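Here it is: the structure, laid out below.
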Amino acid sequence: MNLDAKIPEGPIEQKWSKHKLALPLVNPANKRKHKVIIVGTGLAGASAAATLSELGYQVEVFCFQDSPRRAHSIAAQGGINAAKNYQNDGDSVRRLAYDTVKGGDYRSREANVYRLAEVSANIIDQCVAQGVPFAREYGGHLANRSFGGAQVSRTFYARGQTGQQLLLGAYQALEKQVNAGAVKMHSRHEMLELVVVDGHARGIVTRDLVTGKLEAWAGDTVVLATGGYGNVFYLSTNAKGSNVTATWRAAKKGAGFANPCYTQIHPTCIPQAGDYQSKLTLMSESLRNDGRVWVPKKAGDARKPAQIPEEERDYYLERKYPSFGNLAPRDISSRAAKQVCDEGRGVGPGGRGVYLDFADAIKRVGKQVISERYGNLFDMYATITGDDPYTVPMRIYPAVHYTMGGLWVDYNLMSNLPGLHVIGEANFSDHGANRLGASALMQGLADGYFVLPYTISAYLATAKQPKLTSDHPEFKKAVDDARARMTKLLNVKGKRTVDSFHRELGVLLWNKCGMGRTEKGLKELLIEIPRLREEFWRNVNVPGSAESLNQALEKAGRVADFFEFAEVLVLDALDRDESCGGHFREEHEDQGEAKRDDEKFQHVSVWEWKGEGQAPVRHKEPLVFESFKPSIRSYK
Amino acid sequence: MSDKKMKLKLHVYRQASKDAAGAMKEYVVEDVSEHMSFLEMMDHLNEQLMNKGEEPIAFDHDCREGICGMCSMVINGIPHGGHRGVTACQLHMRHFKDGDEIFVEPWRARAFPVLRDLVVDRQAFDRIVAAGGYVSINTGGAPDANALPISKKEADLSMDAAACIGCGACVAACKNASAMLFVAAKASHLNHLPQGEPERYERVKKMAAQMDAEGFGTCSNYSSCEAVCPKEISVRVIAEFNRDLLKAQAK
Ligand SMILES: Cc1cc2nc3c(=O)[nH]c(=O)nc-3n(C[C@H](O)[C@H](O)[C@H](O)COP(=O)(O)OP(=O)(O)OC[C@H]3O[C@@H](n4cnc5c(N)ncnc54)[C@H](O)[C@@H]3O)c2cc1C
Ligand code: FES
């Protein structure tokens with residue numbers, strides 16, 4: 001597997017500008033002749049589609065929702081980082097890059113991260129110009145807040161709906177291009193196969209989710225912007241449709257899957273209420289700007305929060321991490337919550353919860369200000385739980401939220417499979433073993449607006465592949481494969497629903513490959529997952545036909561892919577015999593903190609699929625740190 | 001946490017495909033927890049149906065936290081069920097009681113054809129946005145974000161309108177199936193910002209024309225849209241839109 005990261009030479013500050021100059025250009029007349037297929041219309045996909053079509057490429061876009069505006073990015077609440085230093089608090093491109101590399105526990109590629117920080121400022125300019133209504137101060141200038149893992153205030157936001165507003169900006173730019181006839185949009189189309197011809201990614205197969213029709217689409221390059229795989233855990237903060245299918249299908253055609261075990265568990269979510277629950281709801285990290293996290297000092301203390309006096313409360317984040325306090329990064333805060341709950345000090349049903357308390361903040365700035373800052377989040381909490389967070393502390397618990405792992409890409413955002421580009425949460429490159437809050441929106445838009453539109457020419461100007469249409473035999477074969485898989489699912493006619501399998505898979509992973517992982521637990525999973533997968537293919541019940549709108553069939557396809565992928569995730573977690581960021585191997589800890597092993601594991605693990613029944617093979621991309629020297633990651 | 005279990009009688013609209021005829025069908029759902037969301041109750045019913053070998057009820061959903069705008073059902077005659085500021089996915093079963101009878105139907109409007117059961121086609125909304133619901137700026141070359149201060153008041157008015165999730169409840173609630181609240185919210189979002197000003201009048205003209213072409217009805221100021229809007233968007237945006245449209249036509 002060729003894992004040449006193609007990191008440009010030179011000092012980190014100059015890599016990107018030099019690289020841009022060195023990239024071959026596609027002349028405007030030729031751009032029209034290149035067709036770019038983009039799967040996904042979240043921040044990454046929509047911004048890339050709009051920008052590439054503005055540049056003159058023919059663009060064809062797909063998403064599975066009924067409108068591109070509903071991509072999962074819409075749900076992001078808290079904000080987007082940018083090194084604008086509008087607050088004059090000492091922020092800079094270098095500081096944002098440093099925070100991100102450190103936040104990722106020195107497991108990301110520093111050149112990519114530096115570039116991300118560099119273009120972050122352009123993103124805010126672009127979005128404001130599109131009419132994104134960011135929060136403003138009374139003087140009319142943009143407002144900022146702080147997010148975890150940073151000591152400066154660099155997060156831009158639009159109430160608690162930042163993702164929505166950024167996505168509407170990108171969606172509107174996309175619709176502008178649709179109107180100009182420069183983009184063809186296909187909603188309610190799910191990608192089921194990647195088509196590879198002569199070693200190059202040349203197209204995809206989709207299913208029309210209304211009619212069931214399978215279609216093949218040929219182009220000159222394929223861009224996957226299909227988001228993360230957090231739903232492999234069944235319960236997560238992701239939208240229900242989020243899936244691994246697109247990236248996993250690509251992996252099965254030869255794209256390397258990098259660091260699948262890096263999953264982010266977010267500390268502030270509404271705790272699970274029952275077995276029927278279909279998803280978990282995030283309470284934005286921005287709440288930790290004003291909310292204080294605590295549990296009773298005494299185990300088993302069943303008193304109401306108001307009856308527990310100040311001196312009997314443990315504000316454990318403030319106690320353990322005095323310099324970051326409640327804004328300690330996510331992996332660290334989540335683990336700390338798990339620890340106090342394991343000690344029997346958790347609150348609420350089952351003892352799986354901690355308080356997030358706004359009483360002090362309300363005393364300090366008043367209810368009005370708190371409601372302006374977080375009103376919609378407080379309302380959301382009240383709607384779901386029936387409790388009023390203005391008077392009773394919120395109850396929160398960690399939940400699966402984001403996936404740092406994804407398809408391997410080089411500096412040009414191309415996978416090892418020539419012609420396959422991967423952007424946004426679907427790739428692996430920028431967040432290492434833990435992502436800092438407000439950095440995913442930044443990365444999605446950086447990739448789509450400001451990186452891929454340049455780097456895609458590195459491939460298109462040099463690939464020299466013959467034109468082909470979807471009549472090519474490889475496309476026919478891919479359509480047949482997709483059809484065969486659906487027929488197989490429909491023909492099982494077993495006794496258990498898809499959801500019941502998915503739920504069981506999720507519980508297995510959460511218990512043994514969630515916040516704490518051990519060699520023993522992971523090895524057990526490598527027996528339990530294949531066993532459950534085998535039962536799935538023998539006993540799943542998928543009613544209906546392939547020729548109609550069939551949501552059970554859609555789910556079955558996704559869960560089938562989760563089953564295969566889950567095993568690789570666990571293999572990766574087992575192979576990475578160290579703790580770093582969100583990957584916490586209980587064997588490797590130092591007073592509850594993750595203990596890295598740079599000697600053995602300062603690399604990206606990239607998994608190559610070898611076929612059914614064969615063990616996937618792990619390759620390595622060594623990580624070299626020239627600008628940010630790895631050190632023990634401390635937030636104390 | 002207490003957990004009262006309920007038994008409910010549901011009447012759900014079923015339609016096998018776009019061209020098939022549809023009808024209401026009756027179902028009994030047992031063991032409904034008061035902590036379930038409405039969609040979780042529907043999941044629960046679907047599990048029961050599938051275990052009996054029947055096809056599940058198709059309904060649109062994705063985020064399940066009131067922001068993607070995908071869920072869309074008329075519950076007891078009211079889009080999203082009639083709790084202020086709440087989408088169907090956020091509506092919790094504690095608002096119902098044991099023995100209740102509940103009617104569940106799709107959005108109904110000429111411009112939103114039913115595709116299956118509770119799933120409708122809302123692409124008309126995308127086409128209205130494509131007609132002019134944006135600022136015509138390409139990527140690159142934008143001035144510094146703070147170069148142009150925008151008063152907090154205008155920014156807030158813009159954001160109030162921009163909160164629209166494009167679910168279409170406004171259309172479903174309107175006797176005329178008008179899309180005015182959706183369309184005017186998009187215009188108001190952009191028209192309250194200096195970046196949106198240059199195209200202000202063209203924008204309302206183009207969006208209004210597309211709205212008519214899609215077969216949405218006219219607005220007769222009943223304000224039922226405002227009452228059901230899960231983001232509580234005010235009909236003031238419609239007044240603004242009409243004002244701008246008059247000016248645009250006079251130009
Ligand atoms: C609740 C929540 C809150 C968050 N808050 C923040 C925040 O405040 N700040 C921050 O920086 N990050 C936040 N994040 C993370 C961030 O929102 C995501 O990482 C980011 O939006 C992902 O964008 P994307 O463009 O990569 O993918 P997505 O937005 O997930 O889009 C994926 C797209 O791919 C399409 N797709 C997927 N599979 C297929 C397929 N097989 N066929 C066809 N189409 C397919 C989908 O239709 C969709 O259009 C949050 C995440 C969650 C869950
Ligand atoms: S499912 Fe997203 S708003 Fe209801």
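This is a predicted model, so every value here is computed, not measured. The chains referred to below are lettered A, B, ... by the order of the sequence lines, with proteins before strands, and numbering in each begins at 1.
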Between A/Gln130 (side chain only) and B/Val135 (backbone N and O only), is there a donor and an acceptor less than 3.5 Å apart? no

Which portion of B/Leu190 sits near chain A, non-hydrogen atoms under 4.5 angstrom: side chain

As a test of understanding, state which of B/His44, B/Met41, B/Met36 forms a side chain to side chain contact (heavy atoms under 4.5 Å, CB included) with A/Tyr276. B/Met36

Are the side chains of A/Lys84 and B/Asp144 in contact, using a 4.5 Å heavy-atom criterion? yes

Please flag which part of B/Val119 lies under 4.5 Å from any non-hydrogen atom of chain A: side chain, backbone, both or neither. side chain

Looking at B/Ala145 and A/Leu142, what are the two nearest heavy atoms and their distance? CB-CD1, 3.5 Å

With the threshold set at 4.0 Å, does a side-chain nitrogen-carboxylate oxygen contact exist between A/Arg70 and B/Asp60? no

With no hydrogens and no angle check, is any side-chain donor or acceptor of A/Gln65 less than 3.5 Å from a backbone partner on B/Asp62? no

Side chain from CB out, backbone as N, CA, C, O: work out which of these in B/Arg94 comes under 4.5 Å of a heavy atom of chain A, or both, or neither. side chain

At a heavy-atom separation under 4.5 Å, does B/Asp31 approach chain A through its side chain, its backbone, both, or neither? neither

Side chain, backbone, both or neither: which part of B/Glu65 has a non-hydrogen atom closer than 4.5 Å to chain A? both

Counting only heavy atoms closer than 4.5 Å, note whether A/Asn122 contacts chain B via side chain, backbone, both or neither. neither

Given side chains that start at C-beta, do those of B/Lys186 and A/Leu168 come closer than 4.5 Å, heavy atoms only? yes

Give, as side chain, backbone, both or neither, the part of B/Gln90 having an atom under 4.5 angstrom from any heavy atom of chain A. both

Would you say A/Asp66 and B/Met70 make side-chain contact, with heavy atoms under 4.5 Å? yes

Within the 4.5 Å heavy-atom criterion, are A/Met185 and B/Asp126 side-chain neighbours or not? no

Salt-bridge present (B/Asp121, A/Arg188; N to O < 4.0 Å): no

Does any heavy atom of chain B fall under 4.5 Å from the side chain of A/Ile123, the backbone, both, or neither of them? neither

Ranked by heavy-atom pairs below 4.5 Å to chain B, first place among A/Phe450, A/Tyr449, A/Tyr171 goes to A/Tyr171

Can you tell if the side chain of B/His35 reaches within under 4.5 Å of the side chain of A/Gln277, non-hydrogen atoms only? no

Proximal component of B/Leu193, with respect to chain A [non-hydrogen, under 4.5 Å]: side chain

Can you confirm whether the side chains of B/Arg122 and A/Ser67 place a donor and an acceptor under 3.5 Å from each other? no

Kindly indicate whether the side chain of A/His141, heavy atoms from C-beta on, has any atom under 4.5 Å from the side chain of B/Lys152. no

Engaged part of B/Ser17 at the chain A interface, taking heavy atoms whose separation is under 4.5 Å: neither

Within the supplied structure, the quantity of interest is the number of heavy atoms (other residues, nucleotides, ligands) at a distance under 6.0 Å from B/Lys7 NZ; does it exceed 12? no

Regarding B/Asn51 and A/Lys495, is there a side-chain donor-to-acceptor distance under 3.5 Å anywhere? no

Counting only non-hydrogen atoms closer than 4.5 Å, does B/Glu54 touch chain A with its backbone (N, CA, C, O), its side chain (CB onward), both, or neither? backbone

Does a salt bridge link A/Arg159 with B/Asp156, judged by any charged N lying under 4.0 Å from a carboxylate O? yes

The interface call for B/Leu148 against chain A, heavy-atom contacts under 4.5 Å, is backbone

Looking only at B/Ala130, B/Pro143, B/Ala16, B/Ala58, the option with the highest number of non-hydrogen pairs under 4.5 Å against chain A is B/Ala130

Engaged part of B/His192 at the chain A interface, taking heavy atoms whose separation is under 4.5 Å: neither

From the list B/Gly69, B/Pro56, B/Gly141, B/Ser136, the residue making the most non-hydrogen contacts under 4.5 Å with chain A is B/Gly69

Checking heavy atoms, do the side chain of B/Ile57, its backbone, both or neither come under 4.5 Å from chain A? backbone

